[in-house]
Peer 1: 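So that we are looking at the same thing, I have put the structure below in structure tokens.
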Amino acid sequence: MAEGLSHTLTNEAVPRTEATITVRVIKSFEYRTERSLILHKLNLETTTVGDLKDIVRKTIQTGAGWRPFRNAVLGWYPTLGHGMSSSSSLYLDTLKLYTKAHGAKTTNLIINLDHDEWILEDDTKILADVGLENETEVSFFDRKAYETFRLNPEVRWDTMS
């Protein structure tokens, strides 16, 4: 190996108190509508699953460029003329591990459909205790929409009609 290059893996190079993680906020599984939020210097030893959800929701509500996702946080879609009414809801309520640094990635580009045990269901758990480390990617999505997509994981490319 070349002189001066480190043998340390990126997930081990930064302390768990200053990790960088990517949250893939998923609005639509079928249309692959997602936006990534990169969080720097996140303390994985004190931040809980519920805290992470709150951080992401707050960013979506206040951050520039997140307007298309704000209705998901509020839990409703305005009438869009394509079968969705104001009573249609999309709640960002579930986090699931997508991949870790140097780990295998799924073939599905929007979400990892395998490993339901990677769903982070307990909001009181500390992120380090549930396996998050530096350079981890997690998905944040509507659990109901995820379960529907799992039954028929077709990706649509057409426009909504």
Side-chain angles (χ1 to χ4, degrees), residues 1-2 4-75 89-151 153-155:
M1 182 158 216
L5 292 179
S6 174
H7 295 281
T8 306
L9 298 175
T10 58
N11 55 325
E12 299 169 351
V14 175
R16 293 191 308 178
T17 56
E18 294 187 12
T20 297
I21 68 164
T22 301
V23 181
R24 301 163 49 84
V25 181
I26 299 171
K27 187 172 181 180
S28 170
F29 293 102
E30 294 83 6
Y31 290 96
R32 291 187 183 166
T33 309
E34 72 90 20
R35 178 151 187 211
S36 294
L37 172 64
I38 300 171
L39 300 172
H40 300 281
K41 298 195 180 288
L42 188 67
N43 188 337
L44 302 177
E45 295 180 350
T46 60
T47 306
T48 65
V49 172
D51 293 339
L52 180 57
K53 290 177 182 180
D54 290 341
I55 290 167
V56 176
R57 286 182 183 123
K58 184 176 181 183
T59 301
I60 293 170
Q61 288 298 339
T62 60
W66 285 95
R67 185 176 304 271
F69 288 80
R70 289 187 183 147
N71 60 349
V73 175
L74 296 173
S89 55
L90 176 71
Y91 295 100
L92 295 176
D93 60 358
T94 304
L95 287 168
K96 182 178 182 182
L97 180 66
Y98 183 72
T99 188
K100 291 183 182 182
H102 312 290
K105 292 197 176 196
T106 179
T107 56
N108 189 309
L109 298 176
I110 193 70
I111 187 131
N112 184 340
L113 292 173
D114 304 333
H115 303 289
D116 275 346
E117 68 274 12
W118 290 358
I119 293 176
L120 309 178
E121 299 195 65
D122 186 347
D123 283 355
T124 64
K125 292 279 190 178
I126 300 293
L127 296 178
D129 294 343
V130 295
L132 269 70
E133 55 192 34
N134 188 47
E135 300 293 332
T136 297
E137 289 185 41
V138 294
S139 300
F140 191 32
F141 54 89
D142 179 334
R143 180 72 178 262
K144 208 163 122 179
Y146 168 76
E147 296 297 342
T148 302
F149 183 69
R150 281 193 58 175
L151 295 174
E154 285 188 32
V155 177

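None of these values were measured; they are calculated from a predicted model.
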Peer 1: Nearest 0.5 Å please: distance from the CG atom of L52 over to the CG atom of L95.
Peer 2: 5.0 Å

Peer 1: If you look at every heavy atom in I26 and L92, which pair is closest and at what distance?
Peer 2: O-CD2, 3.7 Å

Peer 1: Are side-chain N/O atoms of D93 and Y146 paired as donor and acceptor at under 3.5 Å?
Peer 2: no

Peer 1: If you count heavy atoms of other groups shown closer than 6.0 angstrom to NZ of K125, is the number above 12?
Peer 2: no

Peer 1: To the nearest 0.5 Å, tell me how far R24 CZ sits from L37 CG.
Peer 2: 12.5 Å

Peer 1: What are the two closest heavy atoms between V25 and V56, and how far apart are they?
Peer 2: CG2-CG1, 3.7 Å

Peer 1: Mind checking salt bridge (Lys or Arg N to Asp or Glu O under 4.0 Å) for D54 and listing every partner two or more places apart, or none if nothing turns up?
Peer 2: R57

Peer 1: At their closest point, which heavy atom of V49 faces which heavy atom of V130, and how far apart are they?
Peer 2: CG2-CG2, 4.4 Å

Peer 1: Once side-chain contact (heavy atoms from CB on, under 4.5 Å) is applied, do any residues pair with T33, and if so which ones, sequence neighbours excluded?
Peer 2: K27, S28, Y31, F69

Peer 1: The criterion is side chain to side chain donor-acceptor pair (under 3.5 Å); which residues satisfy it with S36, sequence neighbours excluded?
Peer 2: E34

Peer 1: Hey, what's the ring geometry for F29 with F141, parallel, tilted or perpendicular (30° and 60° as the breaks)?
Peer 2: perpendicular

Peer 1: Can you sort out the partners of T136 under side-chain contact (heavy atoms from CB on, under 4.5 Å), two or more places apart, ordered by chain and number?
Peer 2: I21, L97, K100, L132, E133, V138

Peer 1: Quick one: side chain to side chain donor-acceptor pair (under 3.5 Å) partners of R35, sequence neighbours excluded?
Peer 2: none

Peer 1: Kindly give the heavy-atom pair with the smallest separation between R70 and G63, and that separation in Å.
Peer 2: NH2-O, 2.6 Å

Peer 1: What pairs with L151 under side-chain contact (heavy atoms from CB on, under 4.5 Å), at least two apart in sequence or on another chain?
Peer 2: none

Peer 1: Between atom CG of L44 and atom CD1 of I126, what is the distance when rounded to the nearest 0.5 Å?
Peer 2: 10.0 Å

